[in-house]
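This is the structure I have questions about; it appears just below.
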Amino acid sequence: MELSIPIQTGSTKPNRLKLTLRYLRRNKSLVVGLAMLAFLLIFSIGGSLLIDTSTRAYPLAAPAVQPPSAEYPLGTDRDGRDLLAVMARGILLTGSIGVMAGSIGLFVGVVLGFLAGYYGGWVDSVIRWVTEVLMTIPPLILKIIIASTIVDKNKVTIFTMAGVASILSWMGTARVVRSQVLSLRERTFVSVAKLSGMSNLEIIFKELMPNMLPYLAASFVGAVMGGIGSSFGLEVLGLGPAREPTIGMTIRWAQFHSAIFNQWWWWVLWPSLALVMIFASLSLINRGLDEIANPRVRRSE
Amino acid sequence: MKLSYLVRRFLFFIFVMWSAATALFFVPRLSPVNPIRERFAEIQRSTGYAPRDMEQLVRAFEAKFGLNKPLIEQYFDYISGLARGDLGYSLMRYPRTVNELISQALPWTIALVTVTTILTFLIGTAIGALAGWPRSPSWVKGMVTPLMVLAAIPPYLLGLLLIYFIAFRARLLPLSGAYTTGRFATPELSLEFLLDVGRHAILPSLSLILASVGFWALGMRGMGVTVLGEDYVNFAEHKGLKQGRIFYWYYVRNAILPQVTGLALAFGSIVSAGILVEYLYGFPGIGSLLNAAIGANDFFVIYGIGMITIFAVGFSMMVVDILYPLLDPRIRYDRK
């Protein structure tokens, strides 16, 4: 009898942690993506704590163009930056550009999507119409035009980058949120909430938002990827923050000084690998979240 | 009814182009940058040449480009110029016009991106169709996830890795350019030249293909899974049709429609899709022109390229909207 109790409780009512773990075992994309992201974060935060990245990631901190060695494990670049410090700081800077741009995009998209879906009518028409016009503008081109009006590249900060990168990044989110709200709005729990005297804002935050969390999370990760991607595009074209060692700027300088032709392979390889890892991890996380939000994808695997 | 739809759709296209042009006119003018002054400042930085009568020079050129007129007059000049297809003068290669520079670069871009877009569409759709088909081996079904991860990586970065490993380490293919400049002084129409161009185009194409094949595969698989659940597929199975017939004429035939729309839309981004990759490989297309214009503060070329890309996207969206009901009879023109 003493033996049977734990077995029974264990098999009929597994705790939340166990359920989550069991689910994660099936959702491999999410696990692998999160693991890669954790590695990047540990590397960059740990690196920033252990070495002084605020000086060593900037020019004249080390002898120029040293291949990887015991003292400089990832080598140094032509302007005397220690690439280990550059990587640690760069991943954080690039990541924060992405998170800032993604948050702005998500916020604008959610607000417009909710307005369009929940209120309908002319609000919906105007928002949809503006979206349709803006869809014809390739975002990178508009960002290039806006970024090129800032002539003094030394004044460009990661905040400017995030601002420019967030332009036109809200349309996808607005569309998803709008269609979700349209389908949720007709459900009985919303009518019940309305009848019980909840205000519109209360319904939006207490009833609709929780139901859309997986979608919002996936949109956010997508917006972060978009932000990092477009800031990278601007940076390699020479429109980025000239003073900051972001990953994109590091690749820009490596290309600018023809690192490949000069056989300085380490200057190109580390930032490329870092960026590939960032994109791969975010894309896997996004796929994992999509699977949670959208059980149809799960079934089709 | 059909004609009125066409007219309405065309008017919407004109409206979109007009709003984009207006935005392109006013956004740069919100910033204190003076294109002419910046161009002279750039010349001064790169050559050390500093004219003493700089202010006079700037004013003379402003008058030449009509930049000293009132804003509203400039705006009408600009819009009427655009309506005639005139994008103005280039500042870095003055007195050549933006049109000249763009028409020199555009054929390279169109050739490169058309070929890669079609190849990507075919490869991606085939992989997606096979990945969604229940009888495919499991390694084919598992291909979509790695391809999606690849699709998340910017083509520029893939190109950089390809240059490093294939062109630089293995020395299999040329590093940059569109043809061997030592062998051919100018582009010519000979088999030898075309083969040389082909060799140079492999790596840029490969970076573009690898970076987007996943989207096509995912789209096709998603649509295919939906089609497999339809009654007519079930019915075809029970009639005892051959698997090959079901695959091509029931499954692929119905799932491919959204892919075709996507292909038409992808042709809209033909000008902008390869910008960074072209610049990376020194391919003499729009991307390299844009990079040169950014480096030389040639704002008129930047805005001109902006207008061309917006035109391409807007135009292809219109074509898709008009053609789609012809492809899929379930959709009608007068739908809300």
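Chain A is the first sequence line, chain B the second, and so forth, proteins listed ahead of strands; every chain is numbered from 1.
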Original post:
Counting only heavy atoms not in A/Arg175, do more than 12 fall under 6.0 Å of its CZ?
Top reply: no
Original post:
Can you name the side chain to side chain donor-acceptor pair (under 3.5 Å) partners of B/Ser19, sequence neighbours left out?
Top reply: none
Original post:
Which bit of A/Leu239 comes within less than 4.5 Å of chain B, counting heavy atoms only: side chain, backbone, both or neither?
Top reply: side chain
**OP:** Specify which of B/Leu228, B/Leu160, B/Asn291 makes the most heavy-atom pairs with chain A at under 4.5 Å.
**Re:** B/Leu160
**OP:** Counting only heavy atoms closer than 4.5 Å, note whether A/Leu273 contacts chain B via side chain, backbone, both or neither.
**Re:** neither
Original post:
Can you name the closest pair of heavy atoms from B/Leu24 and A/Ile145 and give their distance?
Top reply: CD2-CD1, 3.2 Å
Original post:
Any donor-acceptor pair under 3.5 Å linking the side chain of B/Tyr156 with the backbone of A/Val236?
Top reply: no
**OP:** Verify the neighbour count for atom CZ of A/Arg78: are there more than 12 heavy atoms of other residues, nucleotides or ligands below 6.0 Å?
**Re:** no
Original post:
Based on non-hydrogen pairs under 4.5 Å, which of B/Val149, B/Val144, B/Ile163 is most in contact with chain A?
Top reply: B/Val149
**OP:** Quick one: which of A/Gly233, A/Ser148, A/Ser281, A/Ala280 has the most heavy-atom pairs under 4.5 Å with chain B, could you say?
**Re:** A/Ser148
Original post:
Hey, is CZ on B/Phe315 packed in by over 12 heavy atoms from elsewhere, all under 6.0 Å?
Top reply: no
Subject >> Contact origin within B/Leu161 toward chain A - heavy atom pairs under 4.5 Å >> reply: side chain
Subject >> Closest non-hydrogen atom pair between B/Ile153 and A/Phe279, with its separation >> reply: CG1-CB, 4.0 Å
Original post:
Is there a side-chain contact between A/Glu132 and B/Met317, using heavy atoms and a 4.5 Å cut-off?
Top reply: no
**OP:** Pick one of side chain, backbone, both or neither for A/Leu269, based on which atoms fall under 4.5 Å of a heavy atom in chain B.
**Re:** side chain
Subject >> Minimal non-hydrogen separation, B/Pro154 against A/Phe232, with atom names >> reply: CG-CD2, 3.9 Å
**OP:** Tell me, for B/Ile275 versus chain A, whether the close heavy atoms (under 4.5 Å) come from the side chain, the backbone, both or neither.
**Re:** side chain
Original post:
Is there a side-chain contact (heavy atoms from CB on, under 4.5 Å) between A/Ile137 and B/Val313 once you walk through the steps?
Top reply: CA-CA 7 Å; A/Ile137 300 181; B/Val313 176; over 6 Å; no
**OP:** Would you check if A/Ile251 and B/Leu157 make a side-chain contact, meaning some heavy-atom pair closer than 4.5 Å?
**Re:** yes
Subject >> Heavy-atom side-chain proximity of B/Ser272 to A/Leu140 below 4.5 angstrom >> reply: no
Original post:
Looking only at heavy atoms, what is the nearest atom pair of A/Ser283 and B/Met148, with distance?
Top reply: OG-O, 3.8 Å
**OP:** Just give me the residue among B/Phe12, B/Phe168, B/Tyr279 that pairs up with chain A most often, heavy atom to heavy atom, under 4.5 Å.
**Re:** B/Phe168
Subject >> Residue pair B/Thr145 / A/Leu284, side-chain heavy-atom distance below 4.5 Å >> reply: yes
Original post:
What's the shortest heavy-atom distance between A/Ile141 and B/Gly306, and which atoms?
Top reply: CG2-CA, 3.5 Å
Original post:
Given side chains that start at C-beta, do those of A/Arg287 and B/Leu218 come closer than 4.5 Å, heavy atoms only?
Top reply: yes
Subject >> Residue part contacting chain A, namely of B/Ile294, when any heavy atom lies under 4.5 Å >> reply: side chain
Original post:
In terms of heavy-atom proximity below 4.5 Å to chain A, should B/Phe299 be classed as side chain, backbone, both, or neither?
Top reply: side chain
Original post:
What part of B/Phe165 is in contact with chain A, defined as an atom under 4.5 angstrom from a non-hydrogen atom: side chain, backbone, both or neither?
Top reply: side chain
Subject >> Ring centres under 6.0 angstrom apart (B/Phe15, A/Trp129) >> reply: yes
Original post:
So which part of B/Leu290 gets closer than 4.5 Å to some heavy atom of chain A, the side chain, the backbone, both or neither?
Top reply: side chain
Original post:
If you draw a 6.0 Å radius around CZ in B/Phe10, do more than 12 non-hydrogen atoms from other residues or ligands fall strictly inside?
Top reply: no
Original post:
Given a strict heavy-atom distance threshold of 4.5 Å, which part of A/Ile144 is in contact with chain B: side chain, backbone, both, or neither?
Top reply: side chain
